[in-house]
Amino acid sequence: MNKIAAIIGGGVIGGGWAARFLLNGWDVRVFDPDPEAERKIGEVLDNARRSLPGLSDVPLPPEGALSFHEEIGDAVDSAIWIQESVPERLDLKLKVYQSLQEACDPEAIIGSSTSGFKPSELQEGALRPEQIVVTHPFNPVYLLPLIELVPTDKNAPDLIERAKELLTSVGFFPLHVKKEIDAHIADRFLEAVWREALWLVKDGIATTEEIDEAIRMGFGIRWAQMGLFETYRVAGGEAGMRHFMAQFGPALKWPWTKLMDVPEFTDELVDMIADQSDAQSGMHSIRELERIRDNNLVGMMRALKAQNYGAGAVLNQHDAALKPGALPTLDQADLSQPILTLSRAVPLDWTDYNGHMNEAKYLEAFAAATDRFMEIIGCDMEYIATGGSYFTAENHIRYMQETHAGSRIECRTQMLLGQGKKLHVFHSMYEGETLLATGESFLLHVSLESRRPSPPSPEIEAAMARIAEAQAGLPYPEGAGAAIRRPA
Ligand SMILES: NC(=O)C1=CN([C@@H]2O[C@H](COP(=O)(O)OP(=O)(O)OC[C@H]3O[C@@H](n4cnc5c(N)ncnc54)[C@H](O)[C@@H]3O)[C@@H](O)[C@H]2O)C=CC1
Ligand SMILES: C[N+](C)(C)CC(=O)CC(=O)[O-]
């Protein structure tokens, strides 16, 4: 049975939480009095389906069931996680806890998305304060890993550990904020930057577009991978952080920033900022901007994944947790049929200007299927470390149907020859029952020392013989051995 999450308030943030849980295999029950809530969550889910599953290089669990409830008690019934994301008003949040705590399981965790309130303020007067913690997410909640997890000493250590475990299981990075403070950690930075930016516009120093360029062309990209302190340590040169502080510390006392002053939101300032923002981005609808944002985030996060750094390392850990059981081993597979060697969603950065999966990415998918087939026959990392491996000598791809971001694809592999140093495999790529493409590869076993063909280990020979015998009854695949014909 799937785990159940209740989403109380299904706006921008509640919709993101709903998508994160659903796409990680939880059932989600929503309570939101807004008659438009179902449509709005549907739109967030559409964005999430095209972007989140492809962040993983292994398949996410099957999507959970989504339901909408008219009574808060029905929504929280049987939920082990209740996420409150109603508007940022303390009186409203406290009223919501009153009614949901009358109905929910006392063991359930109640997380609040609040951007600014301290957990002690949310626990004030609650039926069971020990159930309530701050779990502050970042938009888009379905892609960004950070959750600021802020408990008080009313929360038992066991609840904090369970919260961390459940958040990690859906791909989040829970950052345990040990001491409560207004606006937690990250929003305090965002607010400081936001205040300074408003002054720069008001004082006519820069437009909204120039400020965004100053961020995204420089320190914004840098922050996305190393943050503030690691970046400045590097900026200190060989002497590191101490030198950086000695050199740039005094500047903090100069009047570079306006610190706590807030410009008054006069009609003039609001119009100036809104007009500049329209001129900068008004050619895109909000939904278009969301898609542009998601495309960029996925590309950047997948690049960080390749470096196993920052958010990329979190994604790799989530993949590692999902991996066991995702693909069969030699002993688990039905060897009489083509063997499942790839199962994943198409990442956003695999699609191109034609709006479908780019031709080069088919090779990437088939190469991953070949790598998996090598593992199945025993040519895994441990074996490769002993000095033997396979090199690909020839590939042939046939493209049959289009596929798109977020689509779940599978490769099934038939071994056409596995004898001595030769390995000849034929991969068929499917989306459901639809054959999308085929990829045929001829490989040679090599010695990594001499870089020349060499016989594989007896264990690999035996595994290939076992597959050859089991697949002997399969018809030779249509399209195997095909080539592009010479024009008549
Ligand atoms: N928008 C943002 O960038 C972020 C917001 N947050 C926090 O998330 C919370 C929600 O913010 P948003 O999603 O932006 O607001 P929103 O206005 O988009 O959504 C709030 C939703 O709550 C519903 N609602 C109102 N009263 C309710 C009630 N009594 N019971 C159930 N649902 C009710 C509304 O119909 C609406 O759909 C706030 O606490 C905010 O500080 C946290 C991170 C980022
Ligand atoms: C504007 N905000 C304070 C609601 C923003 C957040 O809380 C986090 C975010 O996603 O930027």
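For ligands, and for the atoms within them, numbers begin at 1 and follow the listed sequence.
In this structure, F189 has its ring center at least 6.0 angstrom away from the ring center of W223.
Those atoms of ligand 1 that come under 4.0 Å of a heavy atom in P33, given as number and element, are 27 (C), 30 (N), 31 (C), 32 (N), 33 (C). Residue G11 approaches ligand 1 through these ligand atoms, each under 4.0 Å from one of its heavy atoms: 13 (O), 18 (O), 19 (O), 21 (C), 37 (O). Within ligand 1, counting atoms from 1 as listed, the ones closer than 4.0 Å to a heavy atom of P137 are 43 (C). The D34 neighbourhood of ligand 1 comprises atoms 35 (O), with distances under 4.0 Å to a heavy atom of that residue. Per-residue contacts place H136 under 4.0 angstrom from the following atoms of ligand 1 (heavy atoms of the residue considered): 42 (C), 43 (C). Within the listing of ligand 1, atoms 30 (N), 31 (C), 32 (N) sit less than 4.0 angstrom from a heavy atom of F31.
The shortest side-chain heavy-atom distance between V150 and E180 falls under the 4.5 Å cut-off.
Considering backbone and side-chain atoms alike, V12 places an N or O below 3.5 Å from some N or O of ligand 1.
Just one of T207, I205, T208 meets the side-chain contact (heavy atoms from CB on, under 4.5 Å) condition when paired with L200; it is I205.
Counting only heavy atoms of the protein, atom 44 (C) of ligand 1 lies nearest to I13 CD1, 3.4 Å.
In this structure, atom 6 (C) of ligand 2 is in close contact with the protein, since a protein heavy atom lies within 4.0 Å of it. Contact annotation for atom 37 (O) of ligand 1: protein present (non-hydrogen atoms, distance under 4.0 Å).
Contacts of F138 with ligand 1, taken as heavy-atom pairs under 4.0 Å, are absent altogether. The proximity of N139 to ligand 2, defined as any non-hydrogen pair under 4.0 Å, involves the side chain as well as the backbone. In L190, the part holding a heavy atom less than 4.0 Å from any atom of ligand 2 is the side chain. Residue contacts with ligand 2 for E191 are absent, since no atom lies close enough (heavy atoms, distance under 4.0 Å).
In this structure, R233 fails the cation-pi test against F244, since its NZ or CZ atom is not both closer than 6.0 Å to the six-membered ring centre and inside 45 degrees of the ring normal.
Looking at T114, V86, V96, it is V86 that brings a heavy atom closest to atom 9 (C) of ligand 1.
There is no side-chain donor-acceptor pair under 3.5 Å between N296 and R216.
Under the 30°/60° scheme for interplanar angles, the aromatic rings of F366 and H427 are found to lie parallel. Taking the six-membered ring for Trp and thresholds of 30 and 60 degrees, F138 and H136 have ring planes more than 60 degrees apart, a perpendicular arrangement.
Within the 4.0 Å heavy-atom shell around ligand 1 one finds K93. For the pair S85 and ligand 1, a heavy-atom separation below 4.0 Å is found.
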